[in-house]
Amino acid sequence: MDKIEQFIQEHHIQTLGGKDDFKEEFSRYEWSAPILQQPSHLEEYVHLIGLIGATIQDITIVDNPGYYSLSYEHRKEGFWTFELDNVLVLITDCGNFEIEYGESSSVRISKDCIPRKFYYQKINKRIAELKQLLSNLINDKIIGISIDSTSFDRADDDFTGSCGIKLDKNLSAYIRESRLLLKSGRRLSFTSQYDDGIISLYDKDNQLVKLDSAL
């Protein structure tokens, strides 16, 4: 048993039973990433798989037919925050880390599980803007994670259950927002609203980064 399997079994963490046996297209159901809902589990897991200490070399998303959605908020302010219903991939010197937070308090992360042929190839205007925003992270090093917690009742309010993910009622706390902390002082934020993932980038002064910002 490898260390990831041991972690999943010891903490009774849900999975969808996927074996990363993708055929013609990516499927969330075939993805082996564990479903992390408790803050302490997420913090332990990102260290376990080597995400902390990795230097970002590129950013992309996974093409997920039938689920694709990308929109943005704060249009008048410079397009700070994106709604993304796809898996985000951080390509690093320590491997490719696939991250999704589209269900309430349910973060899924894996390493080198989704083949590159499933990365999104059609760069439309919104994807180009997302990549432009996240290009600020290239050559930045991930040095930690911060996690804001919430209660079961609050997490359950936003829960939709697409993909059949269930919210464990017996945890001590639930994930509301997680932020990857970068050496530069920037923070890459993941949260959710109903069944959409929300991705935001903050600068060293904890302000949302605009697309046209020079960092």
Side-chain angles (χ1 to χ4, degrees), residues 3-4 7 11 13 33-62 72-74 77-84 86-113 129-150 155 171-193 196-215:
K3 59 184 181 180
I4 303 299
F7 171 84
H11 295 289
I13 291 172
I35 300 164
L36 304 159
Q37 297 176 335
Q38 181 167 300
S40 61
H41 292 166
L42 176 58
E43 184 170 12
E44 181 178 351
Y45 182 76
V46 295
H47 283 86
L48 188 66
I49 64 174
L51 180 59
I52 307 304
T55 298
I56 297 171
Q57 298 175 330
D58 200 2
I59 300 100
T60 190
I61 63 172
V62 174
Y72 34 56
E73 299 176 353
H74 306 297
E77 303 296 335
F79 311 142
W80 289 336
T81 297
F82 285 82
E83 295 179 5
L84 178 66
N86 293 68
V87 179
L88 183 75
V89 183
L90 300 180
I91 299 171
T92 80
D93 60 342
C94 297
N96 299 338
F97 296 91
E98 302 112 356
I99 306 172
E100 180 187 56
Y101 187 10
E103 299 280 355
S104 181
S105 291
S106 300
V107 178
R108 301 183 75 189
I109 302 179
S110 63
K111 178 182 178 182
D112 296 326
C113 287
E129 287 171 338
L130 175 65
K131 289 176 71 68
Q132 178 189 343
L133 179 68
L134 298 185
S135 68
N136 289 293
L137 301 179
I138 293 175
N139 297 322
D140 215 341
K141 186 175 183 178
I142 302 168
I143 61 171
I145 186 171
S146 67
I147 306 168
D148 289 339
S149 63
T150 190
L171 301 179
S172 60
Y174 298 84
I175 300 163
R176 189 189 71 83
E177 179 188 28
S178 62
R179 292 187 181 190
L180 294 180
L181 310 178
L182 286 300
K183 187 176 181 180
S184 64
R186 302 183 186 100
R187 302 164 183 85
L188 179 60
S189 166
F190 297 87
T191 187
S192 67
Q193 183 177 12
D196 290 319
I198 308 295
I199 296 177
S200 308
L201 179 61
Y202 292 82
D203 64 20
K204 62 182 180 180
D205 297 317
N206 202 31
Q207 299 297 311
L208 284 164
V209 174
K210 295 184 180 181
L211 282 176
D212 56 356
S213 291
L215 298 186

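When a residue number appears, it is its place in the shown sequence, counting from 1. Here the structure is a predicted model, which means the values were calculated and not measured.
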What distance separates [X] [atom1] from [Y] [atom2], expressed to the nearest 0.5 Å?
X	Y	atom1	atom2	answer
Ile143	Ser184	CD1	OG	8.5 Å
Ser178	Glu43	OG	CD	11.0 Å
Ser192	Ile198	OG	CD1	7.5 Å
Glu177	Ser200	CD	OG	7.5 Å
Ser149	Leu171	OG	CG	11.5 Å

Taking the side chain as every heavy atom from C-beta outward, state whether [X] and [Y] have any atom pair closer than 4.5 Å.
X	Y	value
Leu182	Ile56	yes
Leu137	Leu180	no
Ile142	Leu90	yes
Phe190	Ile199	yes
Ser172	Gln38	yes

[X] and [Y]: which non-hydrogen atoms are nearest, and at how many Å?
X	Y	result
Ser105	Ala155	OG-CB, 3.2 Å
Pro39	Ile147	O-CD1, 3.3 Å
Tyr101	Ile175	OH-O, 3.0 Å
Ser146	Leu181	OG-CD2, 3.9 Å
Leu48	Phe7	CD2-CB, 3.6 Å
Ile35	Ile13	O-CG2, 3.3 Å

Would you mind telling me which of Arg186, Lys204, Arg187 makes a salt bridge (Lys or Arg N to Asp or Glu O under 4.0 Å) with Asp140?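 That would be Arg186; it is the only one of Arg186, Lys204, Arg187 passing the salt bridge (Lys or Arg N to Asp or Glu O under 4.0 Å) with Asp140.
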Restricting to ring pair (Phe, Tyr, Trp, His ring centres under 6.0 Å), what partner residues turn up for Tyr202, sequence neighbours left out?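 By the ring pair (Phe, Tyr, Trp, His ring centres under 6.0 Å) rule, Tyr202 matches no residue at all.
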Hey, could you give me each pair passing side chain to side chain donor-acceptor pair (under 3.5 Å) that has a residue in residues 48-62? Not counting sequence neighbours.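 The answer is none; no pair qualifies.
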Any donor-acceptor pair under 3.5 Å from [X] side chain to [Y] backbone:
X	Y	answer
Asp112	Asn96	yes
Asp205	Gln207	no
Ser135	Leu133	no

Between Tyr45 and His41, is the ring-ring contact (aromatic ring centres under 6.0 Å, His included) condition met? List the steps. CA-CA 6 Å; Tyr45 182 76; His41 292 166; over 10 Å; no
Arg176: salt bridge (Lys or Arg N to Asp or Glu O under 4.0 Å) partners, not counting sequence neighbours: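 Only Asp148 meet the salt bridge (Lys or Arg N to Asp or Glu O under 4.0 Å) criterion with Arg176.
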Yes or no on side chain to side chain donor-acceptor pair (under 3.5 Å) for Glu98 and Ser110, after CA distance, side-chain angles and deciding distance? CA-CA 5 Å; Glu98 302 112 356; Ser110 63; 2.3 Å; yes
